[in-house]
There are 2 protein chains.
Amino acid sequence: MSSVSRRDELLDLVTDHVLEHGLIGLTLRPVAAAIGTSDRMLLYHFGSRDDLVTAVVTRTEERAIAAVDALPPADGVRAGVNRLWEAYQRDPMHGCLDVYVQAAATGLIGQEPYRSAVLEANERWVRALRDYLVRCGAPADRVGRIVMLVDSSLFGFQLDLATDRPGELARGVDDLAAAAQALGSETMRS
Amino acid sequence: MSSVSRRDELLDLVTDHVLEHGLIGLTLRPVAAAIGTSDRMLLYHFGSRDDLVTAVVTRTEERAIAAVDALPPADGVRAGVNRLWEAYQRDPMHGCLDVYVQAAATGLIGQEPYRSAVLEANERWVRALRDYLVRCGAPADRVGRIVMLVDSSLFGFQLDLATDRPGELARGVDDLAAAAQALGSETMRS
DNA sequence: AGGGTTGTGTAGCAGTCGCTACATCGCCAA
DNA sequence: TTGGCGATGTAGCGACTGCTACACAACCCT
């Protein structure tokens with residue numbers, strides 16, 4: 001049936017619009033007008049604004065994960081983290097992660113549907129990150145610990161991207177990358 | 001004159017309300033009713049909603065900085081970062097940083113006044129963090145690099161606080177703390 | 001004593017919000 | 001042919017938004 005594909009088509013258009021204009025403050029009529037439809041149709045295909053938001057968050061996350069999956073592995077964890085950071089700053093990942101951060105910030109105070117959407121998205125995201133770092137040579141028995149450090153920290157750098165100069169951030173990221181590398185190769189102290 | 005103090009009084013009340021109900025989606029009438037005044041009065045004292053938001057962001061940041069300044073220094077950078085993280089999870093810092101993250105996420109797409117407010121707040125915040133780490137024994141010539149790593153990363157952990165279990169995050173934070181400590185004590189490799 | 005500033009209440013403006021009722025198309029199956 | 005069903009347009013609902021006009025009371029300065 002055509003309704004499913006039409007919904008998918010609309011979802012991609014809405015997602016593109018959100019990537020440019022932000023998730024926070026998204027309202028139906030402007031986005032509908034921008035993509036050549038009406039709020040009436042968005043409600044018809046998605047049920048409610050909340051369901052639309054959830055779908056957009058999921059779609060951006062799918063794109064981001066696809067970008068990570070397509071990233072050629074680097075030689076070692078340190079190089080891998082740095083390559084990851086380069087990808088964070090380029091499209092399509094940059095915009096997708098911005099959307100994720102906006103959703104996570106909104107969900108911080110427990111606001112639905114953001115909180116649940118981010119919770120599920122984060123789970124899949126961590127899995128993609130882990131797979132990538134394994135491909136870069138991270139030892140399987142420590143990759144969980146590495147990902148915990150790298151994932152959280154890189155989101156922080158992503159947040160600071162709006163306030164700090166990218167050059168200085170890059171040095172911080174490399175320090176993080178070196179620490180992640182050490183987590184994988186050194187003997188654990190504690 | 002009393003108008004300044006009345007404004008200040010209102011600002012504290014609004015800030016308390018924002019700490020509970022979030023900055024994103026803040027509207028005048030509900031917050032005014034909750035603190036026993038009217039939207040009319042908020043506009044009178046703050047000029048516009050945007051100016052109110054800016055003032056709230058600045059006030060929460062002042063509270064957070066005061067909490068950092070009041071934090072007893074730890075012995076060494078690693079212990080300092082861990083103590084910082086403990087403070088992040090307690091009030092008053094926890095709520096304040098949530099508000100900061102919400103403002104930063106909104107400012108990510110260049111939306112004013114969030115972007116400018118966060119930009120200025122971040123500058124003062126980094127200064128407070130650096131002072132604290134110096135008090136913990138961070139070497140003065142490397143504390144800038146340490147703060148760059150710690151500040152960004154801890155914001156990431158703050159974001160993940162909504163999705164991950166605090167216990168697992170704590171291990172990640174300690175890994176970060178160890179890396180920060182190493183940055184201050186080891187011979188730089190690059 | 002009286003004029004101006006400052007704070008506050010009442011009422012309302014124009015605009016936007018998510019959402020819905022209703023009518024209407026075109027299509028495929030019986 | 002016709003009847004039902006998916007898709008769409010029109011119009012509008014009640015609620016809410018930031019903000020403002022106007023009146024009034026209390027105070028300080030002269």
Side-chain angles (χ1 to χ4, degrees), chain A residues 1-15 17-18 20-59 99 102-103 106-107 109 111-117, chain B residues 1-15 17-18 20-59 99 102-103 106-107 109 111-117:
Chain A
M1 61 186 73
S2 79
S3 81
V4 171
S5 74
R6 176 58 177 156
R7 188 194 130 113
D8 233 48
E9 196 177 339
L10 283 176
L11 180 52
D12 266 327
L13 289 170
V14 173
T15 301
H17 186 266
V18 166
E20 276 188 26
H21 299 84
L23 182 71
I24 296 174
L26 169 99
T27 56
L28 298 182
R29 267 179 268 249
V31 64
I35 67 177
T37 180
S38 65
D39 59 333
R40 170 72 182 73
M41 280 299 97
L42 292 178
L43 268 324
Y44 175 75
H45 285 289
F46 294 93
S48 70
R49 194 197 91 110
D50 280 358
D51 291 345
L52 212 212
V53 166
T54 304
V56 167
V57 170
T58 304
R59 176 59 51 100
V99 170
Q102 290 174 59
T106 308
I109 42 176
Q111 199 160 126
E112 297 294 354
Y114 298 89
R115 188 178 167 277
S116 301
Chain B
M1 61 184 73
S2 77
S3 80
V4 170
S5 73
R6 176 58 177 155
R7 188 192 127 112
D8 233 48
E9 196 177 338
L10 283 176
L11 180 52
D12 266 327
L13 290 170
V14 171
T15 300
H17 186 266
V18 166
E20 276 188 27
H21 300 84
L23 181 70
I24 295 174
L26 169 104
T27 56
L28 297 182
R29 266 179 268 248
V31 63
I35 67 177
T37 181
S38 65
D39 58 332
R40 169 74 184 72
M41 281 299 98
L42 292 178
L43 268 324
Y44 176 77
H45 285 290
F46 295 93
S48 71
R49 195 196 90 111
D50 279 359
D51 290 345
L52 211 212
V53 166
T54 304
V56 167
V57 170
T58 304
R59 176 58 50 100
V99 170
Q102 289 175 60
T106 308
I109 42 176
Q111 200 161 126
E112 297 293 354
Y114 298 89
R115 188 177 167 276
S116 300

**Asked** Under 4.0 Å between a side-chain N or O of A:H45 and OP1 or OP2 of D:dT8?
**Response** yes
**Request:** Could you tell me the separation between the CE atom of B:M41 and the P atom of C:dT6, rounded to a whole number of Å?
**Result:** 14 Å
**Request:** For A:Y44 and D:dC5, give me the distance from atom OH to atom P, rounded to whole Å.
**Result:** 12 Å
**Item:** Over all atoms of both residues, closest heavy-atom pair of B:G22 and A:I109
**Value:** CA-CD1, 3.5 Å
**Passing candidate, side chain to side chain contact (heavy atoms under 4.5 Å, CB included) with A:V14, options A:V53, A:T37, A:V56** = A:V56
**Request:** Return the minimal non-hydrogen interatomic distance between A:L43 and A:R49, and the atom names on each side.
**Result:** CD1-N, 4.0 Å
**Message:** Quick check: closest heavy atoms across A:R59 and A:D12, and the distance to 0.1 Å?
**Reply:** NH1-OD1, 3.0 Å
**Complete:** For A:Q111 and A:T106 the tightest heavy-atom approach is CB-O, 3.5 Å
**Prompt:** How would nucleotides 14-19 of chain C be written as a contact map, 5' to 3', with B for base contact, S for sugar-phosphate-only contact and - for no contact, using protein heavy atoms under 4.0 Å?
**Reply:** ---BBB
**Request:** State, to 0.1 Å, how close B:A55 and B:R7 come at their nearest heavy-atom pair, and which atoms those are.
**Result:** CB-NH2, 4.1 Å
**Request:** In whole angstrom, give the distance that lies between atom CG of A:L10 and atom P of D:dA7.
**Result:** 11 Å
